[in-house]
Amino acid sequence: MACSKTFVTLGMFIIDEFSYTDSEGKFTKSSTFEIGGGGTYAAIGTRIWLPPEQVGMIVDKGYDFPSEIENKLKAYGDQMWLFRPQNEARTTRAMNIYRGDHRGFEYLTPRIRITPRDLTNTALDRPRMLHFICSPLRASTIISEAEEEGWNPLTIYEPIPDRCVPKELPALIRVLPSIDILSPNAEEALSLLSIPIMRPISKPLIEEAANRFIQLGVKDAVIIRSGELGAYVLRRKTGGKWVDAFWTETDASKIVDVTGAGNSFLGGLSAGLQIANGDVYEAVFYATVSASFVIEQSGLPAITSSGDRALTQWNNDSPRRRLEALKSRARHE
């Protein structure tokens with residue numbers, strides 16, 4: 001089946017639940033569930049720039065799948081979502097545990113992995129770009145399955161945080177030649193490479209890590225997401241550049257919840273690659289703007305006006321306006 005999708009993620013849909021305690025473990029509050037999952041945030045990061053028919057994700061729909069969540073997802077565009085009934089299982093859920101300033105995460109239900117074979121003969125088959133969030137070993141399996149299916153997408157690999165440890169580096173090295181774009185965050189990158197983390201993490205240290213990944217064999221580019229420092233982009237052929245974060249220290253009130261920021265960044269990156277004809281550096285501006293919308297609230301950003309795609313607003317602001325503001329800032333530095 002021919003696929004019109006620019007971007008498909010193999011990341012999961014998760015219903016997030018939350019528990020809050022103080023630093024001594026005393027319960028303070030809980031909240032209702034939110035739409036979550038790295039795949040979901042990545043898909044929305046792409047959707048900020050591209051129409052829903054170009055974006056794709058499988059949503060495993062358990063017997064307890066809330067109708068209000070389905071309606072919220074469909075508000076972003078029916079064509080984005082391939083709902084896959086799981087009539088004998090609950091929808092994947094996870095608990096986000098906040099204890100003081102520390103965050104924990106645990107699954108409440110078994111996970112259902114999504115593989116390239118799951119896309120075969122669906123509306124998501126053979127997209128131009130494939131995004132995945134997993135361990136290095138799992139990434140190798142995904143690449144092998146795609147090759148067995150006879151397709152060669154542009155691969156955007158986001159290492160799963162709990163596998164960004166030194167013992168995973170050999171497995172990562174084996175898969176890097178098949179990865180077009182590798183994107184850990186700064187702490188994950190340093191941890192994988194056994195580089196001591198000195199706080200605050202400096203730009204030279206991040207640049208050193210990116211260079212190491214290029215030397216270890218990544219096919220095209222490394223993008224290290226670095227929070228308030230922005231993102232460092234290093235391409236094998238053209239060298240490295242920094243792109244600032246959209247929100248600065250003076251905009252602290254705009255940063256409400258960074259959950260999903262990295263995932264949405266990579267979704268926006270994919271959209272930028274499509275719009276900018278493969279220019280990775282240019283695409284990072286789109287990625288940065290996508291992340292800026294995601295961190296303004298708990299949960300997903302909202303489409304607040306639609307119609308002409310170029311004029312669509314999210315959170316009552318224009319992605320295009322933010323893009324031009326960010327580029328203008330870069331030109332004047």
Side-chain angles (χ1 to χ4, degrees), residues 6-7 41-51 54-55 128-129 131 154 156 158 180-183 185-186 203 206-207 210 220-256 258 260-297 301-333:
T6 295
F7 169 89
Y41 277 99
I44 295 300
T46 315
R47 175 66 183 91
I48 287 171
W49 300 106
L50 297 181
Q54 291 188 35
V55 185
R128 180 174 173 232
M129 303 178 204
H131 166 256
L154 187 149
I156 300 169
E158 182 179 352
D180 291 289
I181 297 174
L182 173 72
S183 184
N185 69 26
K203 285 187 174 182
I206 292 165
E207 292 167 11
D220 183 11
V222 177
I223 303 171
I224 299 184
R225 297 169 277 113
S226 307
E228 64 186 17
L229 293 177
Y232 183 62
V233 191
L234 178 63
R235 297 198 70 182
R236 178 171 293 280
K237 295 181 180 179
T238 58
K241 294 181 181 179
W242 280 92
V243 174
D244 286 345
F246 183 80
W247 297 121
T248 66
E249 291 180 356
T250 61
D251 305 306
S253 64
K254 292 288 188 179
I255 304 171
V256 175
V258 298
N263 313 125
S264 64
F265 178 100
L266 292 175
L269 178 83
S270 304
L273 288 168
Q274 176 72 7
I275 296 166
N277 297 314
D279 186 325
V280 177
Y281 175 66
E282 180 80 4
V284 172
F285 288 93
Y286 291 82
T288 300
V289 170
S290 285
S292 77
F293 282 102
V294 162
I295 64 178
E296 290 182 322
Q297 67 287 304
I303 299 176
T304 47
S305 73
S306 57
D308 183 337
R309 180 160 58 91
L311 302 177
T312 297
Q313 291 199 340
W314 291 70
N315 293 355
N316 296 309
D317 198 1
S318 163
R320 294 265 169 203
R321 185 201 69 78
R322 291 192 185 183
L323 180 69
E324 291 310 313
L326 186 62
K327 288 183 176 181
S328 176
R329 195 192 310 167
R331 286 193 295 267
H332 290 92
E333 285 182 345

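Numbers for residues simply follow the sequence, beginning at 1.
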Quick one: closest heavy-atom pair of [X] and [Y], and the distance?
X: Asn263; Y: Tyr41; value: CB-CB, 3.7 Å
X: Gly278; Y: Arg235; value: O-NH1, 4.1 Å
X: Trp314; Y: Ile44; value: CZ3-CG2, 4.0 Å
X: Ala283; Y: Leu269; value: CB-O, 3.6 Å
X: Ala210; Y: Ile224; value: N-CD1, 3.6 Å
X: Ala261; Y: Ala291; value: O-CB, 3.7 Å

Test item: [X] side-chain N/O and [Y] main-chain N/O as donor-acceptor pair under 3.5 Å:
X: Ser292; Y: Val289; value: yes
X: Ser318; Y: Arg321; value: yes
X: Thr46; Y: Gly267; value: yes
X: Asp244; Y: Leu229; value: no

Do [X] and [Y] come close enough that some side-chain heavy atom pair is under 4.5 Å?
X: Met129; Y: Asp180; result: no
X: Ile181; Y: Leu154; result: yes
X: Val280; Y: Leu273; result: yes

Roughly how far, to the nearest 0.5 Å, is the CG atom of Leu323 from the CD1 atom of Ile48?
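So the CD1 of Ile48 and the CG of Leu323 are separated by 12.0 Å.
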Measure the spacing between CG of Leu234 and CG of Asp220 and express it to the nearest 0.5 Å.
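Result: 10.0 Å between the selected atoms.
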Residue pairs passing the side-chain hydrogen bond (donor to acceptor under 3.5 Å, both in side chains) test where at least one lies in residues 269-278, sequence neighbours excluded:
Arg128-Gln274
Salt bridge (Lys or Arg N to Asp or Glu O under 4.0 Å) contacts touching residues 265-274 (sequence neighbours left out):
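Qualifying pairs, neighbours excluded: none.
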Tell me the salt bridge (Lys or Arg N to Asp or Glu O under 4.0 Å) pairs involving residues 263-275, sequence neighbours left out?
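Applying salt bridge (Lys or Arg N to Asp or Glu O under 4.0 Å) to every pair that reaches into residues 263-275, excluding sequence neighbours, yields nothing.
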Taking side-chain contact (heavy atoms from CB on, under 4.5 Å) as the test, write out the residues that go with [X], two or more places apart.
X: Glu282; result: Ala276, Asp279, Tyr286, Lys327
X: Thr248; result: Thr250, Asp251, Arg329
X: Val243; result: Tyr281, Val284, Phe285, Thr288, Leu326
X: Glu228; result: none

Could you tell me which residues satisfy side chain to side chain donor-acceptor pair (under 3.5 Å) with [X], sequence neighbours excluded, listed by chain and number?
X: Ser253; result: none
X: Ser290; result: Trp49
X: Glu324; result: none

With sequence neighbours excluded, residues passing ring pair (Phe, Tyr, Trp, His ring centres under 6.0 Å) with Trp242
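Only Tyr232 meet the ring pair (Phe, Tyr, Trp, His ring centres under 6.0 Å) criterion with Trp242.
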With sequence neighbours left out, write down each residue that passes salt bridge (charged side-chain N to carboxylate O under 4.0 Å, His left out) with Arg322, or none if nothing qualifies.
Glu296, Asp317
Step-by-step side-chain contact (heavy atoms from CB on, under 4.5 Å) determination, Arg225 to Leu266
CA-CA 10 Å; Arg225 297 169 277 113; Leu266 292 175; 4.2 Å; yes
Does NZ belonging to Lys203 count more than 12 external heavy atoms closer than 6.0 Å?
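Enclosed.
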